[in-house]
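Okay, structure first, notes after.
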Amino acid sequence: MDERCRAVAALIFAAEHSMSLDRLCQLFDCSRSELRPVIAQLQELYPIQVGGFYLAEVAGGYQFRTDPDLAPWLSKLSRDRPFRFSQAALETLAMIAYRQPVTRGEIEYLRGVDSGGVLKTLLDKGFLRILGKKDVPGRPLMYGTSKHFLEFFGLKDLSALPTLKEFSALEPTLDPVVAAESATMTDDRPVPSHQFTNEVEPTTE
Amino acid sequence: MDERCRAVAALIFAAEHSMSLDRLCQLFDCSRSELRPVIAQLQELYPIQVGGFYLAEVAGGYQFRTDPDLAPWLSKLSRDRPFRFSQAALETLAMIAYRQPVTRGEIEYLRGVDSGGVLKTLLDKGFLRILGKKDVPGRPLMYGTSKHFLEFFGLKDLSALPTLKEFSALEPTLDPVVAAESATMTDDRPVPSHQFTNEVEPTTE
Amino acid sequence: MSIAISLHNFDGPLDLLLHLIKTNEMDIADIQMVEITEQYLSVIEHMKQLDLDVAGEFLLMAATLIYIKSKMLLPAIEEIDGEEDELDPRAELVRRLLEYQRYKDAANCLDQLPCLKRDVFLRQVVASDADGDRVDDDISIGIYQLASAFHHLLKHSQVKFVHEIVREQLSVADFVHKILDQLSRCGQQSFADLFPNGGTRQEMVVTFLAMLELVKMQMIKISQSADFQPIWLSLAVSSTEVDPANLDEGALGYG
């Protein structure tokens, strides 16, 4: 491999978080199209389930991670117990992941229970982001998932979320109130919910 | 490679410090002589100056390290790394965002520590702008947030910042700090405050 | 049906309802309202007997179930105003249950994804740059973190915020002189007149202190003709005996 290729591998290896293609382009002062083959070459060199860890595409970037099937071995390593979601937290997170941007009121209608505490926990753990305020009376805060959410679940982007067949089929039939609210959603929301890959930390010019 | 071999690689990769042979023996419940060939196999798989990083033997153990000759690229990474907020920077920025226009003295009064360095960093990074001089003895500079601040946080304008009341609504118990704080906010948005000291807690009369 | 159900095992009324529908092997689109309502209420009742807090949401759902049940028991009346699409009273509930079921499934899906630090591990970051303040861990900064920081700042601020008082230096001595002046001029004065309207609380306190000082020094007399009658102040010494020099702050002990 040429030096640039090795350097890309080393940078992804050394970086704290998943490394976006844009950031790599910036560091190497070259175009995306120049780097894409380099990434492809590295993915071939570091495939899953060969060398213990692999080059994964995660949260809008690239990252080395251990093979998931080795989890039993690795759990011996970490002293602290892995973070576990409560059922309530997981449900709430799922609703937000699939329906974002979504307000607390909408979540509570869907869950049938007060969700302030769960929301706060998820926000504190960095799984959620506030996407702005909804343009309806009361201007409630809108929530969405964060980059950390993608990294945590090893998702490339939101489109990589497992598709739920019936889920999408039945989605339009949410309660009329919420549906009406969604209809009045302004187009210029602060952050388009689907562009999560752009949420990577801003770079300094 | 067999699973144990991959697991050894993964453990060395994920470990906090270099991994000694003894520790590996302990984790895999086997003898050193059994593991030596595994290590040799991995050293072959991860040689120096091929894939960007390699399996190095260091201080009584094994560790993956980036190739030394790639150091210039890696220092570029740490040099050009995106601006990361320290807790001090975040606090100061938060305070300015919610309290603008605000002077350095007022910031330091609330934070209880010298804030000159943090202010300078935030100014350099373009998050702040100087709004003028306050009409009090000494004519201190007044700070506020910049347009870049809004862009960075994806805010349409300052009114899109969640009020502390909205923030604390996530917590089941409304704490007195916020109760007092909200009481001073007549409008449903962060209010630029000129009478800083009187606003934090209600007077006791 | 056994009622060995704890409400705490359920994430909410919808969760409990789904559980009951499943245990009864009912078709979610055709819920037997009488049966389900009965069972739901008995669970709630059971919890109440155990003196456990039954959250408001569970009671609200109970009310909804009873309402739907009663609506279904009523004969379908032809709407006079021609409103033909008489909806199944259960429709809204069924829709909510299905929706909820979907997110429960989605939650399971999420849980089965390889999670960081449970299934998948990253290279431990070697702390190479020890410069500057401790950086925030692995959370990209957003509006929430900003609001949170400000909240934290207010909550844990070391500075004690007290109402800033501009101390008015009201001197007891001044008020002693004022009272003596007034009494020298008009001989006697009612207690109430010492406190003119519009005086601040501080002024009132200082006036009262001044009066007590004068009594202590036996320079004034206080008299009252009967209970609840006006209290009168008068000079106990001739006005020429008053020596202002003895009456400064220091002498009065307020210095």
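Reckoned from all heavy atoms, side chains included, excluding hydrogens, waters and symmetry mates. Within every chain, numbering begins at 1; the chains are lettered A, B, ... in the order of the sequence lines, protein sequences first and strands thereafter.
Of the inter-residue distances, the one linking A:Met95 atom CE with C:Arg102 atom CZ reads 11.0 Å to the nearest 0.5 angstrom. With rounding to the nearest 0.5 Å, the separation of CZ in C:Phe121 from CG in A:Leu74 is 5.0 Å. Considering CG of C:Leu122 and CD of A:Gln63, their distance stands at 4.5 Å, rounded to 0.5 Å. The NZ atom of A:Lys120 sits 6.0 Å away from the OG atom of C:Ser148 when rounded to the nearest 0.5 Å. Rounding to the nearest 0.5 Å gives a distance of 6.0 Å between CD of A:Gln87 and CG of C:Asn108. Here the OG1 atom belonging to A:Thr66 is positioned 8.5 Å from the CG atom belonging to C:Asp119, to the nearest 0.5 angstrom.
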Stepwise side-chain contact (heavy atoms from CB on, under 4.5 Å) test for C:Asp111 and A:Arg84: CA-CA 9 Å; C:Asp111 203 29; A:Arg84 284 213 61 88; 3.9 Å; yes
N/O donor-acceptor pairs under 3.5 Å from side chains in residues 50-60 of chain A, not counting sequence neighbours:
none

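The heavy-atom pair separating C:Leu110 from A:Phe149 by the smallest distance is CD2-CZ, 4.1 Å. Between A:Val113 and C:Gly12, the shortest heavy-atom distance links the atoms CG1-CA, 3.5 Å. Here the shortest heavy-atom pairing between A:Leu155 and C:Leu113 reads CD2-CD1, 4.0 Å. Closest heavy-atom contact between A:Ala94 and C:Ala107: CB-N, 3.6 Å.
Heavy-atom contacts from other residues, nucleotides or ligands closer than 6.0 Å to CG of A:Asp29 number 12 or fewer. Taking a 6.0 Å sphere around CZ of C:Phe208, one finds it holds 12 or fewer heavy atoms contributed by other residues, nucleotides or ligands.
Judged by a 6.0 Å distance limit and a 45° cone about the ring axis, A:Arg111 is not positioned over the six-membered ring of C:Tyr103.
Considering only heavy atoms from C-beta on, C:Lys117 stays 4.5 Å or farther from A:Phe152 through its side chain. Under the 4.5 Å side-chain criterion, counting only non-hydrogen atoms from C-beta, C:Val120 is not in contact with A:Glu151.
Of the atoms belonging to A:Phe153, heavy atoms from both backbone and side chain fall under 4.5 Å from chain C. Within the 4.5 angstrom heavy-atom criterion, no atom of A:Leu70 approaches chain C. If you measure heavy-atom distances from A:Pro162 to chain C, the contacts under 4.5 Å come from the side chain alone. Looking at A:Asp114, both its backbone and its side chain come within 4.5 Å of chain C, counting heavy atoms on both sides. Heavy atoms closer than 4.5 Å to chain C are found nowhere in A:Tyr143, neither backbone nor side chain. Heavy atoms of A:Leu141 lying under 4.5 Å from chain C are absent altogether.
Under the rule for a salt bridge (Lys or Arg N to Asp or Glu O under 4.0 Å), A:Arg36 has no partner lying at least two apart in sequence or in another chain.
Among A:Ala89, A:Gly154, A:Ala71, the residue making the largest number of heavy-atom pairs under 4.5 Å with chain C is A:Ala71.
At least one donor-acceptor pair under 3.5 Å links the side chain of C:Arg123 to the backbone N or O of A:Ala14.
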